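Computed from a prediction, not measured in an experiment: that's the story for all the values here.
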Amino acid sequence: MTAKIFHNDDTVTAPVITIDGPTASGKGTISRLLAERLGWEILDSGALYRLLGLKALQQNLPLDDEPALAQLALELDIRFSGSDTDEEIQVFLDNTNVSDEIRTEKSGAAASKVAALPQVRAALLDKQRAFRQPPGLIADGRDMGTVVFPDAQVKIFLTASAQERAKRRYNQLIEKGVSVRLSDLFEEIAERDKRDSNRSAAPLIAAEDAVELDTSEITAEQAALRILELYQNSINP
Ligand code: DC
């Protein structure tokens, strides 16, 4: 099913499906389902911003020191493992497993702040594009279709109401044994949405050629099937 994309200079690059959307819109789950079905790799670009946020916190670096953060982004020593197995992808920073630590609200809030800085975003571009390898890549984030992979074969923009997304995040955290209040999560999500959508550098918007998919009323499996259909149509029109 894998398609090749030929560029004008005859180089061949692997196909990419971009999955953009706000916090807890289902990007991670849907990306994993797609990667399993297609046998492709996943780029969890949010994890890169979270890793940078975490590293900055560890170094007590102010989260608005743009040149220092951009330099830190270039030097990040990161590794993802387990993407080719059924297990959750493990994330390493300086050879330490930080998979749980980068998922905390503290790392998420730091990620959202450093992600607003244009020099940081530029510094992470090459790292993200290096994930594009045969047989293909599912790229999960906010600006995958608009900035990082503008020539992606299929671009998806996921939406879901803030209430629905807060409820999902609530259930995920309760399942992990973390005690939280739904109303706090709703406020945090609304706050994060506002910051990610209003920043001037690569704000959260759908690419012009993206297909919008509202996941409020459908399951992740149904969304993944719809995306697979779109991909198949794109290679066999
Ligand atoms: O998807 P996530 O919650 O792991 O992302 C963490 C933060 O990183 C989020 O506030 C927005 C930012 N981010 C971004 O600006 N661009 C991306 N491609 C991915 C994430």
Side-chain angles (χ1 to χ4, degrees), residues 1-7 11-21 23-52 54 73-74 76-100 102-103 111 115 121 123-158 202 207 209-211 213 215 220-221 223-236:
M1 192 196 294
T2 297
K4 291 189 169 88
I5 300 174
F6 289 89
H7 286 276
T11 50
V12 180
T13 51
V16 184
I17 297 177
T18 57
I19 313 284
D20 289 307
T23 290
S25 53
K27 297 188 304 278
T29 311
I30 294 168
S31 294
R32 269 195 300 279
L33 288 171
L34 288 170
E36 263 169 39
R37 279 291 296 273
L38 292 164
W40 292 5
E41 289 292 324
I42 297 185
L43 163 62
D44 173 2
S45 59
L48 295 183
Y49 290 97
R50 286 171 180 272
L51 283 161
L52 180 62
L54 176 62
L74 290 174
L76 274 186
D77 174 8
I78 56 179
R79 186 162 54 85
F80 291 82
S81 76
S83 55
D84 50 354
T85 70
D86 286 345
E87 283 161 29
E88 281 224 0
I89 295 174
Q90 301 295 305
V91 185
F92 295 82
L93 176 63
D94 301 321
N95 273 327
T96 304
N97 190 333
V98 292
S99 309
D100 289 335
I102 60 161
R103 298 291 154 208
R121 304 197 70 86
L124 288 176
L125 267 182
D126 286 348
K127 272 197 172 58
Q128 294 177 85
R129 290 184 176 145
F131 279 79
R132 185 178 198 165
Q133 300 279 347
L137 179 70
I138 308 293
D140 156 343
R142 304 290 195 290
D143 60 342
M144 298 295 98
T146 47
V147 178
V148 184
F149 302 109
D151 63 336
Q153 207 124 13
V154 173
K155 300 180 184 179
I156 304 295
F157 192 81
L158 296 180
D209 48 352
V211 175
L213 206 56
T215 64
E221 284 79 10
L225 281 178
R226 172 84 189 106
I227 297 168
L228 281 170
E229 214 174 78
L230 288 166
Y231 175 64
Q232 271 153 9
N233 290 342
S234 82
I235 57 178
N236 293 314

Chi angles and distances behind the side-chain contact (heavy atoms from CB on, under 4.5 Å) call for M144, Q128: CA-CA 9 Å; M144 298 295 98; Q128 294 177 85; 3.2 Å; yes

Which residues share a side chain to side chain contact (heavy atoms under 4.5 Å, CB included) with D94, sequence neighbours left out: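 Scan of D94 (side chain to side chain contact (heavy atoms under 4.5 Å, CB included), adjacent residues dropped) gives K55, D77.
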
Residues forming a side chain to side chain contact (heavy atoms under 4.5 Å, CB included) with A47, sequence neighbours excluded: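 Scan of A47 (side chain to side chain contact (heavy atoms under 4.5 Å, CB included), adjacent residues dropped) gives D44, F80, I102, R103.
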
Pairing residues for T18 by the side chain to side chain donor-acceptor pair (under 3.5 Å) criterion, not counting sequence neighbours: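 None.
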
Side chain to side chain donor-acceptor pair (under 3.5 Å) involving S234 - partner list, sequence neighbours excluded: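 If we apply the side chain to side chain donor-acceptor pair (under 3.5 Å) test to S234, skipping adjacent residues, there are no hits.
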
How would you list, by chain and number, every residue that makes a salt bridge (charged side-chain N to carboxylate O under 4.0 Å, His left out) with [X], sequence neighbours excluded?
| X | answer |
| --- | --- |
| K155 | D209 |
| D100 | none |
| R226 | E229 |

Check: [Y] and [X] side chains under 4.5 Å, non-hydrogen atoms:
| X | Y | answer |
| --- | --- | --- |
| V91 | L93 | no |
| Q153 | Y231 | yes |
| I19 | L34 | yes |
| W40 | I17 | yes |
| L52 | L76 | yes |

Result block: side-chain N/O donor-acceptor pairs under 3.5 angstrom for residues 135-143, not counting sequence neighbours:
residue, atom, partner, partner atom, Å
R142, NH2, T23, OG1, 3.2
D143, OD1, R121, NH2, 3.4
D143, OD2, R121, NH2, 2.9

Specify the closest pair of heavy atoms between [X] and [Y], including all atoms of both residues, with the distance to one decimal.
| X | Y | result |
| --- | --- | --- |
| D20 | K27 | C-CD, 3.8 Å |
| L43 | F149 | CD2-CE1, 4.0 Å |
| I30 | A223 | CD1-CB, 3.6 Å |
| N97 | S99 | OD1-OG, 2.5 Å |

Worked verdict on V98 versus L51 for side-chain contact (heavy atoms from CB on, under 4.5 Å): CA-CA 8 Å; V98 292; L51 283 161; 3.6 Å; yes

Backbone N/O of [Y] and side chain of [X]: donor-acceptor pair under 3.5 Å:
| X | Y | result |
| --- | --- | --- |
| K127 | A73 | yes |
| T215 | S25 | yes |
| R79 | F92 | no |

Nearest-0.5 Å distance that lies between atom CG in L74 and atom CG in L124: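 CG of L124 is found 8.0 Å from CG of L74.
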
